[in-house]
Amino acid sequence: MSELLIRNGFVFDPLQGIKGDRMDIGIKGGKIVETSALNNPKTIDAAGMTVMAGGVDIHSHVVGPKVNVGRLFRPEDKLFKSPHKRCSRMEMGSSVPSTFKTGYDYARMGYVFVNEAAMPPLHSPHVHEEIRDTPIIDNAAMPVFGNNWFTLEYLKNNEIENNAAYTAWLLRATRGFGIKVVNPGGSEAWGWGLNCLHIHDPVPYFDITPAEIVKGLIETNERLGLPHSVHLHCNNLGNPGNYTDTLDSLRLAEGYTPKNDFGREQVMHVTHLQFHAYGGDSWKNVESRTKEIMDYVNAHDNITVDMGQVTLDETTTMTADGPFEYHLRAGNNLKWANVDVELETAAGVVPYIYSPKIKASTVQWAVGLELALLAKDPMRIFLTTDHPNAGPFTRYPQVIAWLMSRAARDETMKTFKWLDRTIDATSIDSIDRELTLYEIAQMTRAGPARALGVSNMYGGLAPGMDADIAVYALNPGDMPSDPAGIEKAFSRCAWLVKDGVVTVRDGEVVSEPAKRTVWVDVKVPENAQVQRDIYEHFLRHYSVKLDNYSLFEEHLHNSRVIEVDTT
Amino acid sequence: MANRITLNMITQRSIEEGVAMEKGKTTPEYFEACSIIEMHDDDVKALGLVPNQLVRVTSECGSVIVKTVRGRQSLYPGLAFIPQGVWANQVVPPRTQATGEPQYSGFPVTVEPVNSERRKSALELVQGAVGMWRGDQ
Amino acid sequence: MPKKVENVGCPYCGVCCDDLVVTVSDDGKKILEVENACAIGNQIFHHATGGERIRLPRLRQPDGTYKDISYEEAVDYAAKVLYNAKKPLIYGFGSTNCEGMAAAAKVAEKAGAVLDNCASICHGSSFLAIFDNGYPSCTLGETKNRADVIVYWGANPAHAHPRHMSRYSIFPRGFFTGKGHKSRKIIVIDPRHTDTAQMADIYLQVKQGHDYELFDAFRAVVRGHEIPDQVAGIKREQIVEVAEILKKARFGTIFYGMGLCHSDGRNHNVDIAISLTRDLNDFTKWTIMAMRGHYNITGPGAVWSWQYGYPYCLDLTKRDIAHMNPGETSSVDLAMRDEVDAFFNVGTDAGAHFPIDAVKHLRKHPWITVDPNINMASEISDLHIPVGIVGVEVPGIVYRMDNVPIQYRKVIDPPEGVISDEELFERIHQRLCELEAEETAKEGAKAAPEGVRAGSEP
Amino acid sequence: MKTVTLTLTNPSELLLEGQNITPDNFAGKKTAEIAALDVWEGKQKSPLGKYFTIAGDGGATAAETKIVLLGDCTRVKRIGQQMTAGEIVIEGNADMYIGGWMKGGKVHVKGNVDSFCGIGMEGGELIVDGKAGCHLGSSPRGEWRGMKGGLIRVAGSVGSDTATFINGGTIIIGGAADIHVSTHGEGGTVVIKGDAKGRVGGQMVKGDIYVYGTIENPLPGFKMVGEVEQEVDGEIALFAHHIGDLGERHPVSKGKTVYANLYTRL
């Protein structure tokens, strides 16, 4: 059994409360062990470097149909942009990288677990095919429920038990990880070209509101005791003035407490909060409302959030929020792909350019950073760019630099065309806070792992956990004076050990250990009603046969199942 | 009555072609499904033809002998149709307007009756074109 | 007892019917009956066990005949052709599962080949249009459950997709469309009064090659502008009437086919159809869909997009960066411009379906066919490698015309000894790695890559 | 200015990809260094000197470097791709992508060129004495920011898809144009001195097109609004002025809708 010893690094492990102590980490058989358990380990000298658990991304669009539309319909995203450097497979793409490049780039940054944020259930075989072709990183994928006809019908009648049985069935059918909700009700309304902008807007035909959907799904989630909570993309994304809708959505979690065996402490994860924290009533007078939002989040510990940080790049937006993408293409007139998925969801894809020359973009940039900088508990706010919506995940190191350095923020702000107006519309210029390496570790591994309910395997360095360890060439006692140094260190980790295998060395991928598909299997009592509903809908309304819908075992790759028993 | 007319040619799938193709491209079914041309009655009359007569179809890049049939799916005068497949592809121009797609639909052909010639088999046409035809065995 | 296999996917067209019931003989060797399939699908299953199948690779001999060889010899031959060519072309994949396509891509990447699929001569134009203008689409169940207006433009499903109209568009009763056909308006636009046009409430006989002008007229009318008395052979009044129907639909889908992709303007006909669909969404809900031909021709577009970012026409010769530009890297253009020096025909029949001039150009160089059956390509090849029939003898994922993945089953075993596309390509890949290693060894240390290359090949 | 002369003495079997043949890449290099630059024949990478006989050294900068190509370059692609300054003279034909993504300098082809020449152009001049293929001055696949600037002048006829997604710059065609001119255009000027086959200005938002000959199939989305006298390419002439594509979206500037202009010579 291969043994490794990572020696003398400055270790940051928020799950154990370790704050930069010089420690050794032992690895044996793919797991972290007490160093005393090692016999004859190979040694990695991490002296003068930062040691953290492998990164965990709670919300990223990396595999599946809409990601692939983004790849397919943007050949210009590859032209003269892809690196002339390869691992065992070619690496292509910029804002929407190929599966191979996705795996390699995450690994180079020291990440080991990426949660695909939206899986249309009907397309789950596609998602799993892409997972197979995404090297190194472990993947989970969340099926979307917020516009699913079964869910809408059960929750309209307040049939939580039936909805729970259906949810358990769908998680198993798709080998999914948790309950994703995107623009609840709004994407179903989009089936008729409509939307639900506010949480009390009725969903056409189904006679239910987004608020009822979200509450019903929280109840379902806690009845099942899933590792992760409801993962919500709120209504009215991306529109000036939407912060009140966001507050309304956040309040839906009031009165609910988490029930699970996985250490999860929230009942609702609200994703890419940056897109939901705007005041004003148009892009002319848009302003930051992060204070109101973060005051609420800080005061309610049954909620976690992630940033959705705008990185000021040309990128490709993609979301199951179909009506939003339609709205976006009317603004920039660029190509628009849309895929409405029968009985389940929708999706849209539009290229987008966030530019330092455009006020809307620079305000969005400030809003994202403010959220993190105003957060009291970095264990409840996570670093994301809603890849690739607000920017590609490859820009996380830049985001870290912005969070850790006022100078880095100032330098970027110097490039803004509408700097004064951006400062007027936001509070970014008044914030001096600089996050620490410990807080970064909270936001990028410990926090997301705990929120996902996988902190017994990922996100920390306690013995018994997966030996996923990133070593960065950063000395906490002697941090680079130029913030570009921080960015560089997080872009290419000095070492990544994945499952006990040295995977990245000096920023280059040197091996490709087998990756895993993480999913949740829930045992629920037999439910004849739900079985019959499923049979009926497949007989009459789906365009595929029920027996061909559930993922065949042969299309699930390197399964890592998390079992939950509610019976 | 003209002894040759110029028509606008298109080629597309027909269900007979589809069935026969799956049976095999060397079968009599494929031969009968694909070595045919459909034209508007006016054009058939202009050539003084009766159905089932053979014609030579010539385009900018080649020619082929096919049989005139009265199709179920009507065309307007000036338009001609050969089901997609080996015979059509003897005359389809390979020019692609820089898209990769040959000019399968919408290219000029001349059509003229022939007397003493026969339709060639798929194999004879394809192998013949690349110098591999060794005659019927 | 004969065995019934249910929920079988049909390996014919992009409709991907997955409700077939296939009865297999006691010994599991003969297909006795196929229920629910169209005439063409039926033929595929019966053909699989109905006659003689090729069971071994066949290599062309100096006298022009074929000689049976082992798979091992065939793999070696194929790998060497790929290895020695400066720019081999691997084309086809109309009848392959996604696993096979992924394996073929690995081979193409290793060999520095151009990788292309049948879309190149079929719906490639759609890709070009999608690159330029997007694709507001939906799954077929959406059309079935919601659509009250259906347009078939330059498409003839009655012949090319026999069950399309009954499963998804005209006839089925869906959730919001309980009256089926009665609740829908059908518009067919085609230069021929096709069997599909027989089903139409409104038929527009557009002048061949002038669809673009007609779309432009629709768009102008939808925006409230005047148009000439007649456009592309259609009278103004009729255009205005149809435009009103489109605007007043509750949910509409435009299905389009080769009539747009194969005629003058190619991608632009699709592009402007997409523009019209975008426009109509300002009034109500409209979607558009390409009537993709083969049952898994959507597959390579999906697989290669996630692997490289391009759906077809991938020039992988530079090894570390892929390049795509149909018109240059497309099979027929590569052939006509003499840009390639070896040809792999996989699960298709370029011999029958390419213009004959392109066949002649390709035949100047080695030509290898991978296909379960004898076809025109196999009969002009240097090497023909038989493989199992996907959807009959080999299971796997295929992508329906609406990009929905369908899991196909195996109904019977392939003929003894016959392997799958995936296994064949994995073996060719293995052999290519060996050839590369042999050459590296010959050239000595200087050719060895610096450092440790990730996933170093065995 | 220093001149490097390349003579194609050992033609490739397949097509040759010569993206390194630019003043930018030759600048500051001696003959031998230029001969060592990479060119590709399929997957085979070789030094330029394998195919070309090379005489002369590059200038100190791209602007001070002139490249002359002799011999039959009909099967050489990508000459002058992404060049920013300097000059290239091709004494005969050349293949695809000549002057593609050019930012500055001048390319003069004395024969014909194939498709995708001047694609994605941002500046400089591309002069072709013969004919050009499809996608002249067009945008690369999927790119909505097409030709941004510069001048393309083709004496003969051109294929389809000229100036797709053009945003700026000028294209002057001496002969006829096949279908699709300035499709999706949002700026720039295209002048066709011969006939145009059709689909001129389809889905066009902004920009100008001049056609001196006849348009075989005019689009229904263009409407004549008057007659104007204009100076084009140094001569003044009378044109019928059409606006369109009425089917397409159009921006509003100072309260007025901005259309694309199609001028046909009277």
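Just so it is clear, the values below take in all heavy atoms, side chains as well, and ignore hydrogens, waters and symmetry mates. Values in this document were obtained by computation on a predicted structure and should not be read as measured data. The chains referred to below are lettered A, B, ... by the order of the sequence lines, with proteins before strands, and numbering in each begins at 1.
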Output the option from [options] having the highest count of non-hydrogen pairs under 4.5 Å with chain C.
| options | result |
| --- | --- |
| A:Asn68, A:Val67, A:Thr134 | A:Asn68 |
| A:Gly191, A:Ala337, A:Gly193 | A:Gly191 |
| A:Val96, A:Asp77, A:Val69, A:Leu334 | A:Leu334 |
| A:Met92, A:His541, A:Arg505 | A:His541 |

| request: May I ask you to establish whether A:Lys335 and C:Phe131 are in a cation-pi arrangement, using a distance under 6.0 Å from NZ or CZ to the six-membered ring centre and at most 45° from the ring axis? | output: no
Heavy-atom pairs under 4.5 Å with chain A, option from [options] with the top count:
| options | value |
| --- | --- |
| C:Phe127, C:Tyr308, C:Phe251, C:Tyr168 | C:Tyr308 |
| C:Gly174, C:Gly134, C:Cys17 | C:Gly134 |
| C:Leu316, C:Leu140, C:Asn281 | C:Asn281 |
| C:Asp402, C:Asn145, C:Thr143, C:Asp132 | C:Asn145 |
| C:Ser305, C:Ala105, C:Gly301 | C:Ser305 |
| C:Thr287, C:Ile288, C:Asp282, C:Val303 | C:Asp282 |

| Nearest non-hydrogen partners of C:Gly141 and A:Glu342, listed with the distance | N-OE1, 2.7 Å
| task | Could you tell me which non-hydrogen atom of A:His123 sits nearest to which non-hydrogen atom of C:Thr139, and how far apart they are? | result | NE2-CG2, 4.0 Å
How far does [atom1] of [X] sit from [atom2] of [Y], to the nearest 0.5 angstrom?
| X | Y | atom1 | atom2 | value |
| --- | --- | --- | --- | --- |
| A:Met90 | C:Glu109 | CE | CD | 4.5 Å |
| C:Glu99 | A:Arg132 | CD | CZ | 6.0 Å |
| C:Lys106 | A:Ser88 | NZ | OG | 8.5 Å |

Please state whether the side chain, the backbone, both or neither of [X] comes within less than 4.5 Å of a heavy atom of chain A.
| X | value |
| --- | --- |
| C:Asn325 | neither |
| C:Pro395 | side chain |
| C:Thr284 | neither |
| C:Ile406 | side chain |

| field | Contacts of residues 316-330 of chain A with chain C (heavy atom under 4.5 Å) | value | A:Tyr326, A:Arg329
| task | Could you check C:Lys285 against A:Trp192 for side chain to side chain contact (heavy atoms under 4.5 Å, CB included), going step by step and ending with a plain yes or no? | result | CA-CA 6 Å; C:Lys285 187 66 188 265; A:Trp192 305 116; 5.5 Å; no
| message | Please determine whether a side-chain nitrogen of the Lys or Arg among A:Asp340 and C:Arg146 lies less than 4.0 Å from a carboxylate oxygen of the Asp or Glu. | response | no
| So, the side chain of C:Lys144 versus the backbone of A:Arg540: is there a donor-acceptor pair under 3.5 Å, distance only? | yes
| field | A:Asn548 side chain vs C:Asp18 backbone, donor-acceptor pair below 3.5 Å | value | yes
| query | Does any heavy atom of chain C fall under 4.5 Å from the side chain of A:Pro65, the backbone, both, or neither of them? | reply | neither
| Heavy-atom proximity to chain C below 4.5 Å, by part of A:Leu343 | both
| More than 12 heavy atoms of other residues, nucleotides or ligands under 6.0 Å from NZ of C:Lys248: is that the case? | no
| task | Might you confirm whether atom OH of A:Tyr535 has over 12 heavy atoms from other residues, nucleotides or ligands at distances under 6.0 Å? | result | no
| Can you tell me if C:Gln307 and A:Ser98 form a side-chain donor-acceptor pair at under 3.5 Å? | no
| message | With no hydrogens and no angle check, just 3.5 Å: does a side-chain donor-acceptor pair link A:Glu129 and C:Tyr399? | response | yes
Validation row: [X], [Y] side chains within 4.5 angstrom (heavy atoms):
| X | Y | answer |
| --- | --- | --- |
| C:Tyr135 | A:Asn338 | no |
| C:Asn403 | A:Val339 | no |
| A:His126 | C:Cys98 | no |
| A:Glu91 | C:Ile321 | no |
| A:Arg71 | C:Tyr310 | no |

| request: Decide yes or no on side chain to side chain contact (heavy atoms under 4.5 Å, CB included) for C:Arg400 and A:Ser543, but give the supporting numbers first. | output: CA-CA 11 Å; C:Arg400 202 167 63 184; A:Ser543 63; 2.7 Å; yes
| query | Any residues in residues 272-280 of chain C near chain A, with a heavy-atom distance under 4.5 Å, and which are they? | reply | C:Arg278
| task | Not counting sequence neighbours, which residues clear salt bridge (Lys or Arg N to Asp or Glu O under 4.0 Å) with C:Arg173? List them please. | result | none
| query | Using the ring of each side chain (for Trp, its six-membered ring), is C:Phe175 parallel, tilted or perpendicular to A:Phe206, with breaks at 30° and 60°? | reply | parallel
| request: Using the side chain to side chain contact (heavy atoms under 4.5 Å, CB included) rule, take C:Glu6 and A:Asp547 through it: C-alpha gap first, then chi angles, then the decisive distance, then the call. | output: CA-CA 9 Å; C:Glu6 301 200 10; A:Asp547 283 355; over 6 Å; no
Show me, pair by pair, the donor-acceptor contacts under 3.5 angstrom made by side chains of residues 549-557 of chain A, not counting sequence neighbours?
residue	atom	partner	partner atom	Å
A:Tyr549	OH	A:Glu344	OE2	2.5
A:Glu553	OE1	A:Arg175	NH2	2.6
A:His557	NE2	A:His555	O	3.3

| Do C:Phe176 and A:Trp149 make the cut of ring centroids closer than 6.0 angstrom? | yes
